[in-house]
Number of protein chains: 2
Amino acid sequence: MRIGELGQATCVDPETIRYYERIGLLPAPVRRTNGYRAYGLAHLERLAFIRHCRALDMPLADVQRLLHLLDHPLDDCLDVDRLINTHLAHVQGRLQSLQALARQLEQLRGRCHGRHTTAECGILHELVAAAQGEGCVCHDGSAPNSPEVI
Amino acid sequence: MRIGELGQATCVDPETIRYYERIGLLPAPVRRTNGYRAYGLAHLERLAFIRHCRALDMPLADVQRLLHLLDHPLDDCLDVDRLINTHLAHVQGRLQSLQALARQLEQLRGRCHGRHTTAECGILHELVAAAQGEGCVCHDGSAPNSPEVI
DNA sequence: TAAAAACCTTGTAGCCACTACATGGTCAAG
DNA sequence: CTTGACCATGTAGTGGCTACAAGGTTTTTA
Ligand SMILES: [Zn+2]
Ligand SMILES: [Zn+2]
Ligand SMILES: [Zn+2]
Ligand SMILES: [Zn+2]
């Protein structure tokens, strides 16, 4: 397989594949005489694994660790469990804050009806008031310096 | 106010405040004779507004647009409504996929019990199988045309 | 009074996971 | 023989910060 064919087969942009190789996530394949990368089935499977983990929103560093464990089948798998649990906790935390966030945005949405100037806009008023107020997300110490929601 | 005091008052890192100034989000304040930035109440309110919008996870480009509308109170506010709606749709979409993702991770979590090698790890097996399989997030729809393997 | 600390300034580089060029080589179809 | 689709490398940009480095200023402390 050339890189374009591998990309087709996995729905991954060839530039992304080269990027994975550059950062050491995907092993460098052999080259044809013209310099083109020549991939085999092992590469396809490894790339599919990477993309599946990415679809689970794992950071590439975690994927790297999982790949390493796959390459060392006799290692203790304690790390796998820990990694998944940590990642799940992270995702659940983000779910919580996203839900709170959606609620706030839904409240805002109703406040702008018909044609009017921005001076009369309920959304802008609400945003300004909330930013001054005390009961808002960004002033209650929960996430003071880093919004870090999505 | 010096930059550190403004940062204290708004829970924003001074480096972030300078960053906002650099990208044109916060107007450059006057300077003292020693070169220190001197902020007033207007800056504090503007920064609070920015952080509140960021806590709602709006991108800075959107915040920029809202600030512009605040500065032009006679403009039509149609854009405000559209902006909030678009953003809410974005958040809700993200919420959906995050929920699906949490479910998948919860399924994975149960598959790694007791001490065993990575070769026997249910999580790794599941991840590999899912990556090869058809029903997974990252292989949706588009049938991978099998390219010739070298 | 001097030393130490905490502040401030500018500039640059790094983070993540890509993405988009720019510039040039290779190959198959018409 | 030209066109166009590929491929190669390298560099730079994205967003929203964060982390220095190397220096100047002010405040606190010994
Ligand atoms: Zn998958
Ligand atoms: Zn309105
Ligand atoms: Zn707020
Ligand atoms: Zn296991």
Starting at the 5' end of DNA chain D, which residue's closest nucleotide do you reach first, B:Pro59 or A:Arg18? A:Arg18
Roughly how many Å is it from CZ in A:Arg22 to C1' in C:dA17, rounded to a whole number? 11 Å
With a cut-off of less than 4.0 Å, is there a side-chain N or O of B:Tyr20 near OP1 or OP2 of D:dC17? yes
Protein heavy-atom contacts under 4.0 Å, written 5' to 3' over nucleotides 25-30 of chain C as B (base), S (sugar-phosphate only) or - (none), form the string BBS---
Looking at B:Thr16, I'd like to know whether one of its side-chain N or O atoms comes within less than 4.0 Å of OP1 or OP2 on D:dG16. no
Round to a whole Å and report the spacing from OH of A:Tyr19 to C1' of D:dT11. 15 Å
Does B:His87 have any ring pair (Phe, Tyr, Trp, His ring centres under 6.0 Å) partners at least two apart in sequence or in another chain, and if so, which? none
Set of side chain to side chain contact (heavy atoms under 4.5 Å, CB included) partners for A:Pro14, sequence neighbours left out: A:Ile3, A:Arg18
Cut-off 3.5 Å, side chains only: do B:Arg51 and B:Tyr20 have a donor facing an acceptor? yes
Between D:dG15 (C1') and B:Asp62 (CG): distance, integer Å: 13 Å
Apply side chain to side chain contact (heavy atoms under 4.5 Å, CB included) to B:Arg22 and list each qualifying residue two or more places apart in sequence or on a separate chain. B:Tyr19
Between CG of A:Asp13 and P of C:dC21 the distance, given in whole Å, is 12 Å
Length of the line joining A:Glu15:CD and C:dA22:P, which is rounded to integer Å: 13 Å
Which whole-number value in Å describes the distance from A:Ile17 CD1 to D:dA8 C1'? 14 Å
For the pair made of CD in B:Glu21 and C1' in D:dG16, what is the distance, rounded to whole Å? 17 Å
Salt bridge B:Arg94-A:Asp57, side-chain N to carboxylate O under 4.0 Å: yes
Between B:Arg31 and C:dT10, does any side-chain N or O lie under 4.0 Å from OP1 or OP2? yes
Run the side-chain donor-acceptor check on residues 107-118 of chain B: report pairs under 3.5 Å with partners two or more places apart or on a different chain.
{"from": "B:Arg111", "atom 1": "NE", "to": "B:Glu126", "atom 2": "OE1", "distance (Å)": "3.4"}
{"from": "B:His113", "atom 1": "NE2", "to": "B:Gly110", "atom 2": "O", "distance (Å)": "2.5"}
{"from": "B:Arg115", "atom 1": "NE", "to": "A:Asp76", "atom 2": "OD2", "distance (Å)": "3.4"}
{"from": "B:Arg115", "atom 1": "NH2", "to": "A:Asp76", "atom 2": "OD2", "distance (Å)": "2.7"}
{"from": "B:His116", "atom 1": "ND1", "to": "B:His113", "atom 2": "O", "distance (Å)": "3.0"}
{"from": "B:His116", "atom 1": "ND1", "to": "B:Gly114", "atom 2": "O", "distance (Å)": "3.1"}
{"from": "B:Thr117", "atom 1": "OG1", "to": "A:Pro73", "atom 2": "O", "distance (Å)": "3.4"}
{"from": "B:Thr117", "atom 1": "OG1", "to": "B:Ala119", "atom 2": "N", "distance (Å)": "3.4"}
{"from": "B:Thr117", "atom 1": "OG1", "to": "B:Glu120", "atom 2": "OE1", "distance (Å)": "3.4"}
{"from": "B:Thr118", "atom 1": "OG1", "to": "A:Leu69", "atom 2": "O", "distance (Å)": "3.1"}
{"from": "B:Thr118", "atom 1": "OG1", "to": "A:His72", "atom 2": "O", "distance (Å)": "2.9"}
{"from": "B:Thr118", "atom 1": "OG1", "to": "A:Pro73", "atom 2": "O", "distance (Å)": "3.1"}

Atom CD of A:Gln8 to atom C1' of D:dA5: distance rounded to whole Å? 12 Å
Would you say D:dT9 has OP1 or OP2 under 4.0 Å from some side-chain N or O of A:Arg37? yes
For B:Arg2 and B:Met58, find the nucleotide of DNA chain D closest to each by heavy atoms; which residue's nucleotide sits nearer the 5' end? B:Met58
For A:Asp13, enumerate each residue passing the side chain to side chain contact (heavy atoms under 4.5 Å, CB included) test, keeping only those at least two apart in sequence or located in another chain. A:Glu15, A:Thr16
Any base atoms under 4.0 Å from A:Ile23, or only sugar-phosphate, or nothing? Heavy atoms, all strands. nothing
